[in-house]
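Below, each value reflects all heavy atoms present in this structure, side chains not excepted, and no hydrogens, waters or symmetry copies.
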Amino acid sequence: MNAPTYNEYAPAAALAPFVHCIWTFTAPSDETPQRIAPDGRPELIVHYRKPYRERGATRDVVQPPVLFAGQLTRPLTLVAQGDAAVIGVRFHAFATRAFLGIDASAATDRRLDLASLHGDAAVNLRSDVREQDDLRRCISIVETYVQGRFERAEIDVDVRRATQAVMEHRQPVAPADISERQWQRRFKREVGVSPRMLQTIVRFRSVFDAIEHPQTTGWVEASLAAGYFDQPQMARDFRRFLGCTAREWAAQKAGLATALTGG
């Protein structure tokens with residue numbers, strides 16, 4: 001394992017209504033802290049080598065081997081404990097509750113141990129993946145697990161429509177037959193955050209797409225392209241979501257954090 005390697009794969013046809021993509025990441029041991037940027041999509045994470053540590057204010061916490069990462073609204077810094085090897089399933093935001101089987105807000109800013117929610121099935125998932133030598137077979141095993149969670153799932157079509165609008169940078173529309181308060185609760189139950197917070201996250205994530213564009217010359221242009229009024233407004237979101245400045249984030253060593261943003 002010589003360098004970090006990140007790849008994305010289209011999900012199986014049966015999962016496409018619920019899953020944005022499958023991704024894999026491998027990297028040699030490196031204790032460089034990785035600040036993780038939110039993108040508005042929750043994830044199933046399977047560590048088939050050593051899990052990452054989450055850096056805390058008073059102590060670090062080792063992540064569960066198989067976890068669900070909900071919506072991210074505050075800084076998260078990860079540190080590898082050795083060689084990293086991860087398979088991730090990036091869900092559409094509206095599929096959170098359907099996959100978990102509980103209120104999506106219970107996962108917001110948390111990495112839930114799926115063994116405590118899904119029992120032996122989650123424990124066996126990691127074991128089955130670790131027994132394989134072929135990555136494609138590993139992905140197939142993870143997809144089968146995910147598909148089983150959606151076999152009897154009920155998706156809120158109004159929330160699905162609204163989240164799709166947000167991801168396409170359009171204004172989400174609430175159903176006409178319920179109050180704004182009811183809609184906020186309903187949306188948060190399915191997604192984990194309010195419509196406005198999801199819009200804020202998606203706008204912030206757009207900065208990383210903009211900075212990679214060939215015609216973008218710096219963070220000022222990236223902030224405007226992403227829909228910010230000015231750079232100070234974007235800077236506040238960098239502090240809010242990553243706990244650092246844009247330049248500090250860009251200066252970090254390539255690893256999981258930059259791979260997940262396409263950098």
Regarding Ser29 and Asp83, is there a side-chain donor-to-acceptor distance under 3.5 Å anywhere? no
Whether Phe68 and Phe99 hold their rings parallel, tilted or perpendicular, with breakpoints at 30° and 60°: parallel
Once you measure the plane-to-plane angle for His92 and His20, does it fall in the parallel (<30°), tilted (30-60°) or perpendicular (>60°) bin? perpendicular
Tell me whether Arg35 is salt-bridged to Glu248, with the criterion being a basic N under 4.0 Å from an acidic carboxylate O. no
Using a cut-off of 6.0 Å, state whether more than 12 heavy atoms not belonging to Arg196 lie near its atom CZ. no
Do the side chain of Arg126 and the main chain of His47 share a donor and acceptor less than 3.5 angstrom apart? yes
For Glu31, is the CD atom crowded, meaning more than 12 foreign heavy atoms sit under 6.0 Å from it? no
Can you say whether the rings of Tyr145 and His118 are parallel (under 30°), tilted (30 to 60°) or perpendicular (over 60°)? tilted
Are Tyr228 and Arg203 close enough that some pair of their side-chain heavy atoms sits under 4.5 Å apart? yes
Does this structure show an ion pair linking Arg189 with Asp103, if we count only N-O contacts that are shorter than 4.0 Å? no
Apply ring pair (Phe, Tyr, Trp, His ring centres under 6.0 Å) to Phe208 and Trp249, showing your working. CA-CA 11 Å; Phe208 300 97; Trp249 187 91; 4.8 Å; yes
Given the rule in the ring pair (Phe, Tyr, Trp, His ring centres under 6.0 Å) test, do Phe204 and Phe238 qualify, once you have shown the distances and angles that lead to the verdict? CA-CA 8 Å; Phe204 181 67; Phe238 260 89; 4.9 Å; yes
N-O pairing of Asp156 and Arg160 below 4.0 Å: no
Which label fits Phe187 and Trp183: parallel for a plane angle under 30°, tilted from 30 to 60°, or perpendicular past 60°? perpendicular
Can a donor-acceptor pair be found between the side chains of Gln184 and Glu180 at a distance below 3.5 Å? yes
